[in-house]
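Below, chain A is the first sequence line, B the second, and so on; all start at residue 1. Below, each value reflects all heavy atoms present in this structure, side chains not excepted, and no hydrogens, waters or symmetry copies. All values reported here derive from a predicted model rather than from experimental measurement.
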Amino acid sequence: MIGKLVETRMKINDNCVGCGQCTSFCRQDAIEVRGKARISDACVECGICSPYCPVKAIEVTV
Amino acid sequence: MKVVVIGAGLGGLLSAARLSKEGHTVEVFERLPITGGRFTNLEYKGFQLSSGAFHMLPHGPGGPLARLLKEMGDDVRIVRSEKTMIRIPLKKGDTDYRQGFRDIPFHDFQKPLSNKDRLKSAYLIVSTRKDPPEGSTLQEWIRSQVKDEWLVKLADSFCGWSLSMRSDEIYVEEVFEIFENLYRFGGPGVPMGGCKGIIDALEKVIMANGGTIHTKSEVSKILVENGNTAGVVVDGTEHKADLVISNTGHAATAGLCSEILSDEKHAEYLRMLEGLRPSAGIKICLSAEEPLIGHSGVLLTPYARRVNGINEVTQVDPSLAPPGKHLTMSHQHVAPENVGKLEEEIDMGLQDLKEIFPGKKYEVLLIQSYHDSWPVNRASSGTDPGNETPIPGLYVVGDGAKGEGGIEVEGIALGVSRTMNKILG
């Protein structure tokens, strides 16, 4: 829980169109898609999904 | 010749395969870690979903894409769908499917019309082949010919499914060119292995002919020397080329050589690009143990609120789903004014599916939406600006530069064929 109170490493920006490509590469089943992608609590912030986004909508901060 | 292709989507790979087979040195640069763009498989929960297209070629094994693949010795099997059906309410006068429905074959589309309109439409089917209508939208034309709104509903469903447009957004000329292509090439078919079956086969052709494909490689600039295309820059490194083929649409391509295009003499081209409108749509992927459609063709749903049509590709290739499951996908057009309200559009699509498949058990696997920079089509059908650019040696292929009357990927194939004819003579 404490981890979630701190700023998370990953953010989905307004570029997202909701194509769902990210969720098919997520190993934690942590991305819900409905018009736009949302990262759920199951996310382990591995960042694997980010390069698969065709519109650069998944921002990973280090 | 040394050729650089920007983007490993269908248009880019078709061009790369064709040119490498002709003996040219071809290098493809793809920004993403995967190839295929919006025409490949996405594995999800054991299903082969797709990154965009519906695992279906609008003209099946006889169409422009299949022909192009055959020319290159590509051995993908494309299975023609057995039929296209239209779901209509059981009772005449009903405006939805809630009181029951029946499916009629597409070629019986005149059946729900009045006797007078049926005669008129029979006459039009013959007369318009000789003398195709022009100068209005499809909807205006239909309303000028028959009274019954049924044909407008059907046109919206057909255009929504095949072009992600409404009948009042498309010119009648473009639609009649599509009809002509349906006569010429036949109806849809499903490639074995889905979209990726075709992508894999194209990559095989490229590799076998000495071409290379780099993923995770983003082109940041198109080089122009003395007014001619000279290559690209990837990760700060220059790659010289005699010819550059871009699969990223005209607008994004222009962005890669904006300095050159800022010259006054290109103002008209840039103005034209500003007018291009991508088309938007929503795909809902369903999983079911019992088939929901029961045949390998398209089910058009003109009486649904939003869903235009549905297919069930596992009727042709069961390997696109885990054993004992079917993969059924619905498409709905999203009007430009509704792109900001996607969740409402999705809710209406889900409600439609409940009414289209009452009493059937299914699970919603994934809902995918496409618009703006990752759209259904970069240029709505009938507005494609062709394959050439103001810079000699720089061509655009893909869904932002389709050929006339070309539905979706068939249009991409027609555009690639046209470009190849220009390049190879």
Side-chain angles (χ1 to χ4, degrees), chain A, chain B residues 7-9 30-53 196 215-218 248 252 278 280-285 329 334 338-350 364-376 378:
Chain A
M1 269 316 281
I2 292 163
K4 295 288 165 194
L5 295 174
V6 189
E7 186 86 347
T8 52
R9 263 182 78 215
M10 299 184 44
K11 206 185 110 191
I12 292 174
N13 68 30
D14 287 342
N15 289 352
C16 179
V17 298
C19 73
Q21 192 141 304
C22 51
T23 193
S24 76
F25 292 98
C26 174
R27 293 174 191 174
Q28 311 298 326
D29 196 15
I31 308 175
E32 291 154 15
V33 188
R34 201 183 170 105
K36 223 178 145 98
R38 282 179 204 88
I39 297 173
S40 78
D41 285 350
C43 175
V44 298
E45 306 191 340
C46 65
I48 284 175
C49 56
S50 171
Y52 290 97
C53 175
V55 292
K56 297 186 181 171
I58 309 175
E59 294 172 15
V60 185
T61 46
V62 251
Chain B
E30 166 58 47
R31 179 162 60 91
L32 298 182
I34 54 167
T35 56
R38 280 160 289 150
F39 192 80
T40 190
N41 299 6
L42 294 180
E43 195 175 333
Y44 188 67
K45 298 183 178 171
F47 289 80
Q48 294 296 321
L49 304 188
S50 98
S51 57
K196 193 165 185 292
T215 53
K216 296 189 235 171
S217 301
E218 182 168 8
T248 66
I282 293 167
K283 176 170 57 179
I284 302 179
C285 308
M329 299 183 284
V334 176
N338 293 330
V339 169
K341 298 182 271 188
L342 278 184
E343 290 210 40
E344 286 170 42
E345 294 292 300
I346 289 169
D347 287 341
M348 282 189 267
L350 290 169
V364 176
L365 278 169
L366 188 62
I367 301 167
Q368 300 171 278
S369 46
Y370 299 87
H371 58 92
D372 292 298
S373 56
W374 201 242
V376 176
R378 284 206 170 96

Give a yes or no on whether the backbone of A/G18 and the side-chain of B/S369 come within a donor-acceptor separation of less than 3.5 Å. yes
Output the distance between atom SG (A/C16) and atom CH2 (B/W374), rounded to the nearest 0.5 Å. 13.0 Å
Nearest-0.5 Å distance, CG of residue B/L32 to CD of residue A/Q21: 6.0 Å
Taking side chain as everything from C-beta outward and backbone as N, CA, C, O, which of these in B/K283 sits under 4.5 Å from a heavy atom of chain A? Side chain, backbone, both or neither. neither
With chain B, the option among A/P51, A/A37, A/C26, A/G20 that has the most non-hydrogen atom pairs under 4.5 Å is A/P51
When rounded to the nearest 0.5 angstrom, what is the spacing between CG in B/L366 and CD1 in A/I31? 10.5 Å
Non-hydrogen side-chain atoms of A/R34 and B/L350 separated by less than 4.5 Å: yes
Where on A/C53 is there a heavy atom nearer than 4.5 Å to chain B: the side chain, the backbone, both, or neither? backbone
Between B/E343 and chain A, with a heavy-atom cut-off of 4.5 Å, which part of the residue counts as in contact: side chain, backbone, both or neither? side chain
If you tally heavy-atom pairs under 4.5 Å between each of B/L42, B/L342, B/D372 and chain A, the highest tally belongs to B/L42
Under a 4.5 Å heavy-atom cut-off, does chain A meet the side chain of B/E218, its backbone, both or neither? side chain
